[in-house]
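So you know, we letter chains A, B, ... as the sequences are listed, proteins then strands, and number each from 1. These numbers come from the heavy atoms of this one structure, side chains and all, not from hydrogens, waters or symmetry mates. This one's a predicted model, so the numbers in the text were calculated from it and none came from an experiment.
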Amino acid sequence: MTIQTPQAIRGTQDIFGPDAEAFGFVVETFERVRRLYRFRRVEMPVFEKTAVFSRSLGETTDVVSKEMYSFDDRGGESLTLRPEFTAGLARAYLTDGWQQYAPVKLATHGPVFRYERPQKGRYRQFHQIDAEVIGAAEPQADVELLVMADQIIKELGIADGVTLQLNTLGDAASREAWRHALIGYFRDHTASLSEDSQDRLERNPLRILDSKDPRDKPFTADAPRIDDFLTAEAQDFFAKVTAGLDAAGVEWTRSPALVRGLDYYRHTAFEFVTDRLGAQGTVLGGGRYDGLIEALGGPHTPAVGWAAGIERLAMLVGDRAEPVLDVVVVAESADREIEAQALVARLRRAGAIAELVASGSLRKRFDRAKKLNPASIVSLDQRDGNKTQNFRPLRPEVAGMELAGKVFAAFYADMQ
RNA sequence: GCGAUCGUAGCUCAGUUGGUUAGAGCGCCGGUUUGUGGUACCGGAGGUCGGGGGUUCGAACCCCCUCGAUCGCCCCA
């Protein structure tokens with residue numbers, strides 16, 4: 001009788017080898033850079049009461065009803081696996097009294113969950129790095145976040161082909177005026193729009209602006225622009241953001257079609273976009289969400305943040321080799337296997353990256369060691385009753401080789 | 001939720017118009033050779049051809065269903 005091997009959940013992934021190295025490189029780079037900007041590390045729960053997300057997302061149609069991983073716990077309470085970090089951080093800001101630290105700069109990373117159809121660069125469990133500034137109303141906070149994001153992308157070595165697209169949604173008054181103008185404009189052309197966009201006109205008119213359908217393109221090009229509806233304050237805010245970016249040497253392009261569907265987004269909206277990832281080109285995105293914390297029942301609290309998918313960044317980073325082995329210890333005789341274990345332990349304690357080959361066919365052990373492509377090989381043999389031990393340098397350019405040689409010499413000096 | 005493409009060994013893939021016992025390379029295991037030596041030679045393990053049903057004398061190959069993967073649409077906090 002055979003049992004069926006369980007399969008992985010759709011949209012989950014097991015990350016291994018060079019992919020995992022690239023993943024780790026992204027996280028390490030993020031951690032290093034966020035310290036330079038004094039963003040404080042936070043660890044957050046993976047799940048929250050469903051209300052944390054459903055309120056923050058404003059009960060938006062598809063997002064809450066279809067795209068979240070929600071379930072009832074044993075007490076009958078609805079819980080949800082976090083689809084993003086922002087809402088949970090806002091909740092913690094309120095429930096943990098983080099107001100005392102405001103303005104507070106926060107950084108975190110980990111898995112997030114969205115019930116979506118998997119495709120290139122899109123999974124149901126994926127991973128994000130995340131940075132937020134809560135309690136800061138000034139455009140300097142937006143600038144600091146963007147400069148940090150820019151530095152991370154550059155230090156990952158993936159800036160080529162990535163552009164920062166920037167827009168402003170204005171304050172609440174600007175945004176509402178623009179929205180009304182857009183609805184009026186598209187309503188006049190309803191019949192000529194794609195079916196999808198006719199549908200969007202009722203549900204989410206701003207989204208018509210980034211429709212991929214060629215039938216919509218002529219109309220989106222001539223659609224009303226936010227610039228004509230910005231209040232003086234909103235204009236001033238955006239001008240300070242762009243001036244700050246220019247001063248810091250961060251390149252950006254204006255993207256008037258870049259929108260956010262949710263009402264609590266104000267002012268700055270931005271995305272770092274690449275042309276190298278097919279349909280999923282956004283690599284890092286965020287904006288200012290001054291209305292969110294009120295939506296969770298808190299006091300008016302300005303805030304701004306961004307998140308980036310680690311897998312997408314890792315795809316741009318490409319394969320990363322695992323660290324080079326400093327030394328392989330090979331026991332070519334069964335009588336030397338214990339000794340080989342002692343030596344490899346000593347090498348590792350001394351800080352050498354070391355592997356042991358002391359099993360399988362005696363004759364093939366050395367060949368197996370060579371295939372590991374180490375910087376050096378230590379061979380322990382015993383022929384005609386005579387013990388030999390040999391340190392064989394192979395790749396002098398590897399820094400750890402010399403260390404391995406010294407530890408080898410010291411080990412046998414001690415045995416005398 | 002919709003659409004397109006694809007599922008043959010651990011991995012990458014052959015498999016001719018349907019025709020004997022389904023193959024190769026790599027990897028793994030054992031052996032020969034060599035004996036400071038990875039690239040040679042021999043052998044072995046490993047496959048219900050994703051699963052189920054149908055057509056046929058006969059199906060990896062044709063048809064239907066199903067599961068899974070990939071890419072795109074919708075959505076994108």
Side-chain angles (χ1 to χ4, degrees), chain A residues 2 4-13 16-17 52-69 80-90 112-124 126 128 130 132 194-200 203-204 206-208 210-213 258-265 269 271 273 277-282 285-287 289 291-292 295 305-307 309 312 328 330 332-333 357 359-374 376-381 383-384 388-394:
Chain A
T2 56
Q4 184 93 39
T5 302
Q7 291 178 311
I9 306 290
R10 181 199 296 275
T12 64
Q13 35 171 358
F16 176 75
V52 169
F53 304 113
S54 61
R55 272 193 217 139
S56 80
L57 297 172
E59 309 285 356
T60 33
T61 51
D62 284 0
V63 169
V64 169
S65 59
K66 299 200 303 205
E67 313 278 349
M68 296 204 312
Y69 263 100
T80 296
L81 300 178
R82 63 183 180 207
E84 57 163 17
F85 281 103
T86 309
L89 289 167
V112 292
F113 305 83
R114 297 181 185 181
Y115 199 95
E116 297 183 292
R117 192 121 190 134
Q119 51 185 284
K120 188 178 183 68
R122 233 179 158 173
Y123 309 94
R124 287 187 174 178
F126 62 109
Q128 287 186 332
D130 183 282
E132 315 277 348
S194 67
E195 298 77 17
D196 281 336
S197 286
Q198 291 181 28
D199 198 37
R200 288 185 185 113
R203 298 189 347 265
N204 202 349
L206 271 57
R207 282 284 160 208
I208 301 175
D210 53 16
S211 168
K212 289 169 187 161
D213 196 306
L258 177 58
V259 295
R260 291 280 116 94
L262 300 169
D263 290 339
Y264 57 69
Y265 278 99
E271 290 181 356
V273 181
L277 284 183
Q280 310 299 330
T282 298
Y289 50 94
L292 170 61
W306 56 250
R312 287 190 195 174
V328 178
V330 194
E332 296 196 84
S333 154
V357 175
S359 65
S361 165
L362 289 170
R363 295 197 169 165
K364 293 190 174 169
R365 288 182 190 181
F366 192 90
D367 290 350
R368 275 167 53 208
K370 271 215 144 180
K371 282 188 188 173
L372 296 171
N373 198 21
S376 62
I377 295 178
V378 172
S379 154
L380 309 183
D381 205 350
R383 240 176 268 163
D384 309 320
T388 60
Q389 48 275 335
N390 212 313
F391 178 82
R392 191 172 162 78
L394 296 169

Report the distance from atom [atom1] of [X] to atom [atom2] of [N], rounded to the nearest whole Å.
X	N	atom1	atom2	result
A/Y289	B/C76	OH	P	20 Å
A/R122	B/A77	CZ	P	10 Å
A/K371	B/G38	NZ	P	11 Å
A/K364	B/U39	NZ	C1'	14 Å
A/D196	B/C76	CG	P	11 Å
A/D367	B/G30	CG	P	13 Å
A/F16	B/G10	CZ	C1'	12 Å
A/E67	B/G1	CD	C1'	10 Å

- Message: Let me confirm one number: the CZ-CZ distance from A/R10 to A/R117, rounded to the nearest 0.5 Å.
- Response: 5.0 Å
According to side chain to side chain contact (heavy atoms under 4.5 Å, CB included), who are the partners of [X], at least two apart in sequence or on a separate chain?
X	value
A/D199	A/R203
A/S333	A/D335, A/R336, A/D381, A/Q382
A/L372	A/L325, A/V328, A/E355, A/V357, A/P374
A/A87	A/V52, A/F53, A/S56, A/E84

Whole-angstrom distance between [N] and [M], as gauged at atom [atom1]:
N	M	atom1	answer
B/C6	B/C61	C1'	15 Å
B/U21	B/G68	P	34 Å
B/G52	B/C11	C1'	28 Å
B/G10	B/G51	P	13 Å
B/G30	B/G23	P	26 Å
B/A14	B/G1	C1'	38 Å
B/C13	B/A9	P	11 Å
B/G31	B/A69	P	42 Å

- Would A/L89 and A/D130 count as a side chain to side chain contact (heavy atoms under 4.5 Å, CB included) if you check the C-alpha gap in whole Å, the side-chain angles of each, and the deciding distance to 0.1 Å? CA-CA 10 Å; A/L89 289 167; A/D130 183 282; 3.6 Å; yes
Kindly write out the residues that satisfy side chain to side chain donor-acceptor pair (under 3.5 Å) with [X], not counting sequence neighbours, or none if the list is empty.
X	result
A/Q198	none
A/R82	none
A/R207	A/D210
A/E132	A/T86, A/Y289

- Describe the nucleic acid contact of A/R200 in one word from base, sugar-phosphate, nothing, applying a heavy-atom distance below 4.0 Å.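 Result for A/R200 = sugar-phosphate.
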- Task: Describe the nucleic acid contact of A/R114 in one word from base, sugar-phosphate, nothing, applying a heavy-atom distance below 4.0 Å.
- Result: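 The residue A/R114 makes base contact.
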- Query: Looking at B/A77, B/C28, B/C75, which one has an atom nearest to any side-chain atom of A/E84?
  - Reply: B/A77
- Candidate nucleotides B/C76, B/G27, B/G30, ranked by approach to the side chain of A/N204 - the nearest: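 Of the options given, the side chain of A/N204 lies nearest B/C76.
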- Note on the structure: Residues at least two apart in sequence or cross-chain that pass ring pair (Phe, Tyr, Trp, His ring centres under 6.0 Å) with A/F391, listed by chain then number, are A/F408
- Message: With nearest nucleotide decided by heavy atoms, which residue, A/D213 or A/F113, maps closer to the 5′ end of RNA chain B?
- Response: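 Upstream on the strand: A/D213.
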- Message: As a check on the pairing definition, encode RNA chain B in dot-bracket form, counting Watson-Crick and G-U wobble pairs whose two distances are under 3.5 Å, and using | for partners outside this strand.
- Response: (((((((..((((.....[...)))).(((((.......))))).....(((((..]....))))))))))))....
- Note on the structure: When every non-hydrogen atom of A/M68 is compared with those of A/P83, the smallest separation belongs to SD-CG, 4.1 Å
So which protein N/O to nucleotides 33-36 of chain B N/O distances come out below 3.5 Å?
unit_1: B/G35; atom_1: O2'; unit_2: A/R383; atom_2: NH1; d: 3.4
unit_1: B/U36; atom_1: O2'; unit_2: A/R392; atom_2: NH1; d: 3.4
unit_1: B/U36; atom_1: N3; unit_2: A/N390; atom_2: ND2; d: 2.8
unit_1: B/U36; atom_1: O4; unit_2: A/N390; atom_2: ND2; d: 3.2

- Let me see the working for A/L380 and A/Q389 under side chain to side chain contact (heavy atoms under 4.5 Å, CB included), right down to the final yes or no. CA-CA 5 Å; A/L380 309 183; A/Q389 48 275 335; 3.5 Å; yes
- Message: So if I define the base as every atom that isn't primed, P, OP1 or OP2, how would nucleotides 65-72 of chain B read as a B/S/- string at a heavy-atom cutoff under 4.0 Å?
- Response: ---SS-SB
